[in-house]
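One structure is given below, encoded as structure tokens.
Chain letters run A, B, ... following the sequence lines, proteins first and then strands; every chain starts at 1. Hydrogens, waters and symmetry mates are skipped; everything else that's a heavy atom, side chains included, is used.
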Amino acid sequence: MPELPEVETIRRDLAAAILNRKIVSVSILSPKTASHSVAFFKKELIGRRLTEIDRRGKLLIFHLSPKKVKGTSKKPRAEKINCLLIHLKMTGQLIYADKKNKIAGGHSLNNSTELQELPNKHTRAIIEFDNGGQLFFNDLRKFGYLKLVSDAELEKILAANYGPEPLTPAFTLAVFQNAFKKTNVKIKAALLNQKLIAGLGNIYADEVLWAAGINPQRPTQKVTPAEFKKLFVAINQVIGLAIKHRGTTFSDYVDSRGRRGNFSKFLKVYGRTGEKCPRCHNSLKKQKIAGRGTHYCPICQK
DNA sequence: GTGTTTGTTATCAA
DNA sequence: CTTGATAACAAACA
């Protein structure tokens with residue numbers, strides 16, 4: 001389940017590998033995964049370069065070099081495609097392989113480290129570059145997508161769906177607290193709402209609530225200012241540390257070279273049902289909250 | 001066959 | 001209309 005730290009890890013690694021490389025071929029193996037026809041993807045992408053890779057929450061944003069226009073100096077059209085968006089959703093992987101390295105960690109729930117050839121049966125798209133490198137988009141459950149948009153469409157999507165990002169100047173305690181006080185859903189649900197705060201998913205929502213000592217069931221309006229402060233600090237700390245350790249691998253996530261994330265061993269509650277709470281040593285519980293498996297300590301999370 | 005896994009959106013109820 | 005809660009989606013595994 002790639003969340004902010006995992007997607008950020010991929011973004012950084014990919015930027016180092018494929019920035020300013022020219023796209024020479026595009027294969028869409030699973031048409032439903034792409035926003036437009038296979039022909040349109042080829043037409044728009046082939047011959048262009050990725051000039052910048054951004055991320056907003058869990059969404060990757062690949063900026064494309066200007067498209068060469070045939071013939072005389074036509075004015076660029078306002079609606080021209082400028083960005084490739086990729087969302088990994090639950091089981092998506094973006095793996096870059098250079099000419100001789102065509103392997104990646106497989107999908108598996110049992111911590112297997114076996115490597116497999118690419119493409120594999122879950123490969124949905126392949127983008128090939130002028131240096132022979134290939135970018136594989138794998139997605140077992142087919143929830144992820146590739147989408148081509150104009151700058152205007154991108155701005156619209158970001159404004160409509162994404163709240164502030166942890167670890168950025170836009171994410172202040174005041175902004176955070178005000179946004180959360182405008183709703184009254186369970187705090188766990190609020191943390192998963194990308195419009196209130198961008199980038200958290202099920203793993204990190206559980207982790208930050210544990211770190212702040214807040215019960216995931218609490219309605220947001222019952223959370224005190226002191227607790228919001230704790231939660232705010234916890235979000236920045238946990239996300240920062242998770243990025244530093246290249247994310248969490250629980251089931252399918254691997255980085256752009258097919259390697260697992262190292263943050264799993266730092267998890268305090270996620271996936272630790274029945275183990276002792278690291279803080280109060282009572283038994284950790286798991287319960288469905290906001291439709292998601294929620295891991296927490298019923299004793300020290302108030 | 002049943003129940004679980006989750007990011008996001010669609011749908012429903014109040 | 002708004003808000004919040006829940007179902008649905010896909011695919012695989014225990």
Determine the contact category for [X]: base if any of its heavy atoms lies under 4.0 Å from a base atom, sugar-phosphate if only primed atoms, P, OP1 or OP2 are that close, otherwise nothing.
X	result
K286(A)	sugar-phosphate
G293(A)	sugar-phosphate
Y204(A)	nothing

[atom1] of [X] versus [atom2] of [N]: gap in Å, rounded?
X	N	atom1	atom2	result
R141(A)	dA8(C)	CZ	C1'	14 Å
K195(A)	dG7(B)	NZ	C1'	13 Å
Y145(A)	dA10(C)	OH	P	17 Å
N202(A)	dT8(B)	CG	P	12 Å
F143(A)	dA11(C)	CZ	P	8 Å
K222(A)	dG4(C)	NZ	P	13 Å
K181(A)	dG4(C)	NZ	P	15 Å
N184(A)	dT3(C)	CG	C1'	10 Å

Any side-chain N or O of [X] less than 4.0 Å from the OP1 or OP2 oxygen of [N]?
X	N	result
T183(A)	dT3(C)	no
K89(A)	dC9(C)	no
Q194(A)	dT8(B)	yes

Query raised in the report: Ring centroid separation for Y96(A) and F136(A), is it under 6.0 angstrom?
Result: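 No, the ring centres sit 6.0 Å or more apart.
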Requested in this report: Examine F180(A) together with F176(A) and report whether their ring centres are nearer than 6.0 Å.
Outcome: yes
Query raised in the report: Got a donor-acceptor pair under 3.5 Å from the side chain of R292(A) to the base of dT5(B)?
Result: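 There is none.
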Requested in this report: Kindly compute the distance separating CG (L191(A)) from CG (L231(A)), expressed to the nearest 0.5 Å.
Outcome: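 Spacing of CG (L191(A)) from CG (L231(A)) equals 5.5 Å.
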**Report entry** Distance in Å, L59(A) CG paired with Q194(A) CD, rounded so as to fall on 0.5 Å steps
**Finding:**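 L59(A) CG to Q194(A) CD: 10.0 Å, rounded to 0.5 Å.
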Query - Upstream residue (5' side of DNA chain C) when A189(A) and K32(A) are each assigned their closest nucleotide - result: A189(A)
Query - Whichever of K142(A) and V185(A) has its nearest DNA chain C nucleotide further upstream toward 5' - result: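 Here V185(A) is the residue nearer the 5' end.
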Query raised in the report: If you check the H87(A) side chain, which of dG7(B), dA12(C), dT9(B) turns out closest?
Result: dG7(B)
Query - Modelled atom types, side-chain donor and acceptor of E153(A) and S150(A), under 3.5 Å - result: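 Present: a donor and an acceptor within the cut-off.
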Report task. Between dT9(B) and dA12(C), how far apart are the C1' atoms? Round to whole Å, please. Result ->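 Approximately 23 Å lies between the C1' atom of dA12(C) and that of dT9(B).
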